[in-house]
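Some notes on the structure that comes next.
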Amino acid sequence: MGKLQKKDRQTSKTYAMIFAKGKNYLYFFATSNSVARLQAEKSPFYDYKTSLIPELPSLSSEPVLVPRFLYSLQWNREVYPSQGTILPPYPFASSKTSDWNPIEKATYAKPAQIHLDQTKRDQYGSAYYLSLRDFVNPELGEKEVIEKIESLYFDSRNKNYLFRLVKILYSGTPSEEYKIVSNLFTFELEFAEFLRTSIFSIEILPLIHGPFLNSFLNSFDDRYIRFIWNKLSKPVQGVIQKSISKNRFKMMLDSPSVEPKPGEGLIEQIEKEIYKRFSRKIYYEEGSFFAYRFPGSNRSDLDESKVLSVETKVFFAELAEKFEFSVSEPYLEFLFLSQNRFFFQTKDWIDLIRFDWILSKKDWESLEFHRLPPDLILEIPAYPTGQYLLGAGITKERKGFEFALQWF
């Protein structure tokens with residue numbers, strides 16, 4: 001993985017801890033106490049459909065991997081445009097200076113029969129939500145925030161959800177809040193639906209502290225505001241009026257209204273900006289997936305509460321001499337190929353690992369896993385028409401690594 005530039009390290013200690021630049025990925029080592037704020041845009045280097053590329057969170061208290069071939073990013077006043085993928089040199093043996101080392105064959109490059117214990121483990125889903133911690137005036141007490149919520153134009157059920165969020169905000173640390181909200185996504189589906197959808201309504205605007213609305217309105221067309229003005233709720237009208245000058249407000253009311261194009265109106269644009277500026281990504285338990293271990297392997301480092309069942313399976317490793325695996329740090333090992341599946345083994349605690357199949361210049365597939373223990377074996381689809389496999393990960397100790405698998 002690429003190292004931070006000297007000038008980057010001198011910017012601030014926090015910056016050096018949160019961000020790092022790799023070959024094919026950008027790394028954010030965020031935690032609940034060190035939130036990363038991203039300004040990323042979907043900008044594929046190849047001819048991938050932008051609609052198929054997921055939005056990245058604006059705020060994250062979890063580690064984030066940003067593929068450089070899918071996104072452009074602005075961070076700490078520097079711009080990182082999207083770029084083509086970077087692969088280890090070929091032929092590998094002729095390169096003595098490649099910083100992709102170590103470059104290895106599959107552990108089982110020759111045909112072999114392999115016995116593995118199959119485990120069914122909890123899988124983590126992800127969602128975006130609003131944390132009151134990110135935009136409520138920190139000088140307000142719990143009672144004052146509740147009074148503000150009382151005046152908002154949310155229905156009684158959604159107000160009750162907001163009241164619960166206030167209790168969460170004032171009852172614990174950021175890490176405790178994260179754990180509580182994660183459990184809400186797992187066990188209270190209606191509350192979770194509110195957190196991922198309804199809370200992003202324009203009606204949350206009176207709760208947002210700081211220059212957000214002022215900076216948004218500075219470049220917004222007054223005629224579009226006039227068009228929707230009489231349909232806005234009184235609380236929303238009030239914060240908009242306070243965010244612009246008296247002279248501009250009078251001119252706006254006197255100006256002719258213009259109907260905006262679909263998606264460009266005041267409500268849609270403000271809700272979009274709230275999402276972009278304040279949404280946080282959160283992981284929560286959702287479903288399960290199959291993973292493996294070698295029989296008799298040491299399980300003392302395994303979180304047994306995440307293992308749902310165990311069953312022994314037999315695999316036949318296929319000839320894989322032409323496969324070359326490169327990893328920047330020894331946190332992942334390529335084991336073998338079997339029945340159009342690649343098998344990899346983790347070598348450390350890994351909070352996040354991502355696999356990106358480059359199928360063509362117009363198509364790619366990605367796969368993510370979260371919170372994995374050491375010595376866990378993952379199976380990844382092996383697409384016969386794929387060009388190569390790239391990936392990256394962030395360990396529990398917030399160390400980044402990336403890897404590449406090629407065949408010839």
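Here, residue 1 is the first one in the sequence, and each next residue gets the next number.
When all heavy atoms of Ile225 and Leu266 are compared, the pair lying nearest together is CG1-CD1, 4.2 Å. Residues Leu184 and Ala192 come closest through the heavy atom pair O-CB, 4.0 Å. Closest of all the heavy-atom pairs between Ala382 and Leu337 is CB-CD1, 4.0 Å. Listed here is the closest heavy atom pair of Lys399 and Phe29: C-CE2, 4.1 Å. Val166 and Val145 get closest at one heavy-atom pair: CG2-CG1, 3.7 Å.
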Take Lys159 and Glu203, measure what salt bridge (Lys or Arg N to Asp or Glu O under 4.0 Å) needs, and give me the verdict at the end. CA-CA 11 Å; Lys159 277 188 180 180; Glu203 299 301 335; over 6 Å; no
For the pair Tyr283 and Tyr124, evaluate ring pair (Phe, Tyr, Trp, His ring centres under 6.0 Å) and give the outcome as yes or no after the intermediate values. CA-CA 6 Å; Tyr283 296 110; Tyr124 288 89; 7.4 Å; no
Dump the intermediate steps for ring pair (Phe, Tyr, Trp, His ring centres under 6.0 Å) on Phe19 and Tyr80, then the final yes or no. CA-CA 12 Å; Phe19 176 78; Tyr80 299 88; 5.4 Å; yes
Stepwise side chain to side chain contact (heavy atoms under 4.5 Å, CB included) test for Glu188 and Arg164: CA-CA 13 Å; Glu188 297 195 38; Arg164 289 179 64 184; 3.0 Å; yes
Checking Tyr153 against Val236 for the side chain to side chain contact (heavy atoms under 4.5 Å, CB included) test, could you report, in this order, the C-alpha distance in whole Å, the side-chain angles of both residues, the deciding distance, and whether it holds? CA-CA 9 Å; Tyr153 274 44; Val236 171; over 6 Å; no
Report the C-alpha distance between Phe69 and Trp364 in whole Å, list the side-chain angles of each, state the deciding distance to 0.1 Å, and finish with yes or no for ring pair (Phe, Tyr, Trp, His ring centres under 6.0 Å). CA-CA 11 Å; Phe69 49 91; Trp364 104 103; 7.5 Å; no
Between Lys42 and Glu55, is the side chain to side chain contact (heavy atoms under 4.5 Å, CB included) condition met? List the steps. CA-CA 7 Å; Lys42 297 188 286 186; Glu55 294 279 359; 3.7 Å; yes
Between Glu333 and Lys347, is a salt bridge (Lys or Arg N to Asp or Glu O under 4.0 Å) present by the stated rule, with each step listed? CA-CA 7 Å; Glu333 183 178 347; Lys347 309 306 290 184; 3.4 Å; yes
Report the C-alpha distance between Asp254 and Lys250 in whole Å, list the side-chain angles of each, state the deciding distance to 0.1 Å, and finish with yes or no for salt bridge (Lys or Arg N to Asp or Glu O under 4.0 Å). CA-CA 6 Å; Asp254 293 339; Lys250 184 178 183 304; 3.1 Å; yes
Walk me through whether Phe212 and Ile274 qualify under side chain to side chain contact (heavy atoms under 4.5 Å, CB included). CA-CA 9 Å; Phe212 165 75; Ile274 291 173; 3.8 Å; yes
Go through it in stages, so that I can follow the logic: the residues are Glu177 and Arg133, the test is salt bridge (Lys or Arg N to Asp or Glu O under 4.0 Å), and I'd like the CA-CA distance, side-chain angles, deciding distance and then a yes or no. CA-CA 9 Å; Glu177 175 191 336; Arg133 191 178 300 275; 2.7 Å; yes
Could you go step by step and tell me if Phe343 and Phe315 meet the ring pair (Phe, Tyr, Trp, His ring centres under 6.0 Å) rule? CA-CA 10 Å; Phe343 288 77; Phe315 295 92; 4.9 Å; yes
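Atom CD1 in Ile228 sits 6.0 Å away from atom CG in Leu232 (nearest 0.5 Å). Note that the CG atom of Leu70 and the CD1 atom of Ile53 stand 5.0 Å from one another [nearest 0.5 Å]. Separating the CD atom in Glu285 from the CG atom in Asp122 is a distance of 4.5 Å, to the nearest 0.5 Å. The distance from the OG atom of Ser72 to the CD atom of Glu41 is 5.0 Å, given to the nearest 0.5 Å. For the atom pair CD of Glu273 and CD1 of Ile208, the computed distance is 10.5 Å after rounding to the nearest 0.5 Å. Summarising the geometry, atom NZ belonging to Lys361 is positioned 6.5 Å from atom OH belonging to Tyr48; distances are rounded to the nearest 0.5 Å.
A salt bridge links Arg371 and Glu62; the closest N-O separation between the charged side-chain nitrogens and carboxylate oxygens is under 4.0 Å. A salt bridge does not link Arg68 with Glu402: every distance from a Lys NZ or Arg NE/NH1/NH2 to an Asp or Glu carboxylate oxygen is 4.0 Å or more. Using a 4.0 Å cut-off between charged side-chain N and carboxylate O, Asp155 and Arg157 make no salt bridge. Comment: Asp351 engages Arg398 in a salt bridge, judged by a side-chain N to carboxylate O separation of less than 4.0 angstrom.
Within the 4.5 Å cutoff, no side-chain heavy atoms of Tyr71 are placed close to those of Ser43. Looking at heavy atoms from C-beta onward, Ile350 lies in side-chain contact with Phe401 at the 4.5 angstrom threshold. Annotation: side chain of Leu130 is in contact with side chain of Phe135 (closest heavy-atom distance under 4.5 Å). At least one side-chain heavy atom of Phe28 sits less than 4.5 Å from a side-chain heavy atom of Leu73. Counting only heavy atoms from C-beta outward, the side chains of Gln387 and Gln406 never approach each other to under 4.5 Å. Proximity of Leu116 to Ile377: side-chain heavy atoms (C-beta onward) are separated by under 4.5 Å at one or more points. Side-chain contact between Phe185 and Glu286 is absent, with no heavy atoms from C-beta onward closer than 4.5 Å. With contacts defined as side-chain heavy-atom distances shorter than 4.5 Å, the pair Phe294/Asp375 does not qualify.
The main-chain N or O of Pro373 is found under 3.5 Å from a side-chain atom of Thr346 such that the two form a donor-acceptor pair. Distance alone, capped at 3.5 Å, places no donor-acceptor pair between the Tyr129 side chain and the Ser182 backbone. Put simply, the side chain of Glu193 never gets that close to the backbone of Ser198: no donor and acceptor are under 3.5 Å apart. In terms of modelled atom types and a separation under 3.5 Å, the side chain of Glu271 and the main chain of Ile202 share a donor-acceptor contact. Using a distance-only test at 3.5 Å, with no hydrogens or angles considered, no donor-acceptor pair links the side chain of Glu329 to the main chain of Gly400. Listed for the Asn214 side chain is a donor-acceptor partner under 3.5 Å among the backbone atoms of Ser243.
Taking the six-membered ring where tryptophan is involved, the planes of Phe355 and Phe344 are tilted, since the angle between them lies from 30° to 60°. Note: Tyr275 and Tyr128 have perpendicular aromatic rings, judged against thresholds of 30 and 60 degrees for the angle between ring planes. Using a 30° and 60° split on the angle between ring planes, Trp407 and Phe323 fall in the tilted class, from 30° to 60°. A tilted orientation is assigned to the rings of Phe194 and Phe191, their planes being inclined by 30° to 60°.
Annotation for Arg223: atom CZ does not count as buried by contact number, only 12 or fewer foreign heavy atoms lying within 6.0 Å.
Using a 3.5 Å distance cut-off with no hydrogens or angles, the side chains of Thr85 and Tyr46 do pair a donor with an acceptor.
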